[in-house]
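Numbers here simply count residues along the sequence, with the first being 1. As a basis for the values below, the full set of heavy atoms in this structure was taken, side chains included, without hydrogen atoms, waters or symmetry mates. In this text, all values refer to a predicted model and were calculated from it rather than measured experimentally.
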Amino acid sequence: METQKITVSMEHDGERIDTFVSNMCDNISRSLAQSLMKEEKILLDGKPVKVSTKVHENQVVDIPLQTEKNIDETLIAEDIPIDIIYEDE
């Protein structure tokens, strides 16, 4: 799985990791970040972390580039003819 590596700057020092990830990535909400952390897909310095973990300057956060939300956005609806067998009046 491809990941994006983000180094924590001084202005984000002491911020919760779920808040940090949602602030740095437009396509990841805080709740999605929490879910990804529980699935151990977001790493801090190469290790899985708890949602409440605070990030510190110069630590590296690995964030997956392809999340389930991104995958759903690539799905395209298709018009399929359906025969109606029964219909209420």
Side-chain angles (χ1 to χ4, degrees):
M1 171 179 11
E2 288 188 56
T3 62
Q4 174 183 6
K5 294 184 184 294
I6 300 175
T7 303
V8 180
S9 63
M10 191 170 100
E11 67 185 73
H12 295 286
D13 188 67
E15 197 171 285
R16 280 176 52 127
I17 190 166
D18 56 342
T19 305
F20 174 78
V21 170
S22 66
N23 288 337
M24 300 308 286
C25 301
D26 294 335
N27 63 331
I28 299 179
S29 66
R30 190 167 162 221
S31 61
L32 178 58
Q34 291 171 349
S35 296
L36 291 170
M37 279 180 255
K38 288 176 185 171
E39 296 170 13
E40 298 185 351
K41 292 183 179 177
I42 293 179
L43 306 175
L44 182 63
D45 291 332
K47 299 175 187 169
V49 292
K50 294 181 180 179
V51 175
S52 61
T53 300
K54 296 190 185 229
V55 295
H56 298 287
E57 186 177 5
N58 296 324
Q59 287 186 308
V60 178
V61 180
D62 294 321
I63 303 166
L65 293 178
Q66 191 73 19
T67 63
E68 288 181 28
K69 182 179 178 185
N70 293 343
I71 293 169
D72 289 343
E73 291 172 356
T74 61
L75 299 177
I76 300 171
E78 186 177 325
D79 189 21
I80 302 173
I82 298 175
D83 294 331
I84 299 173
I85 298 171
Y86 177 81
E87 185 174 355
D88 285 341
E89 293 183 271

Check residues 46-56 and write down every donor-acceptor pair under 3.5 Å in which the side-chain atom is one partner and the other belongs to a residue at least two apart or another chain.
from	atom 1	to	atom 2	distance (Å)
Thr53	OG1	Lys50	N	3.3
Thr53	OG1	Lys50	O	2.9
His56	ND1	Asp13	OD1	3.4

Among Val21, Ile42, Ile63, Asp18, the one residue meeting side chain to side chain contact (heavy atoms under 4.5 Å, CB included) with Leu36: Ile42
Any non-hydrogen side-chain atom of Leu44 less than 4.5 Å from a side-chain atom of Val60? no
My understanding is that only residues two or more places apart in sequence, or in another chain, count here; which of them pass side-chain hydrogen bond (donor to acceptor under 3.5 Å, both in side chains) with Asp83? none
Least distance between heavy atoms, Ser22 atom then Ser29 atom: CB-C, 3.8 Å
Drop me the distance from Phe20's CZ to Arg30's CZ, to the nearest 0.5 angstrom. 14.5 Å
Shared ILVMFWY cluster between Leu43 and Ile28, side chains joined below 4.5 angstrom? no
Could you pull out all residues at least two apart from Asp62 that satisfy salt bridge (charged side-chain N to carboxylate O under 4.0 Å, His left out)? Lys5
For the NZ atom of Lys41 and the CG atom of Leu32, what is their distance to the nearest 0.5 Å? 9.5 Å
Step by step, would you call Met37 with Ile17 a side-chain contact (heavy atoms from CB on, under 4.5 Å)? CA-CA 9 Å; Met37 279 180 255; Ile17 190 166; 3.3 Å; yes
Determine which pairs satisfy ring-ring contact (aromatic ring centres under 6.0 Å, His included) with at least one residue from residues 31-54, sequence neighbours left out, and list them in order. none
Nearest heavy-atom contact between Val8 and Val61 is CG2-CG2, 4.1 Å
According to side-chain hydrogen bond (donor to acceptor under 3.5 Å, both in side chains), who are the partners of Glu15, at least two apart in sequence or on a separate chain? His12, Asn23
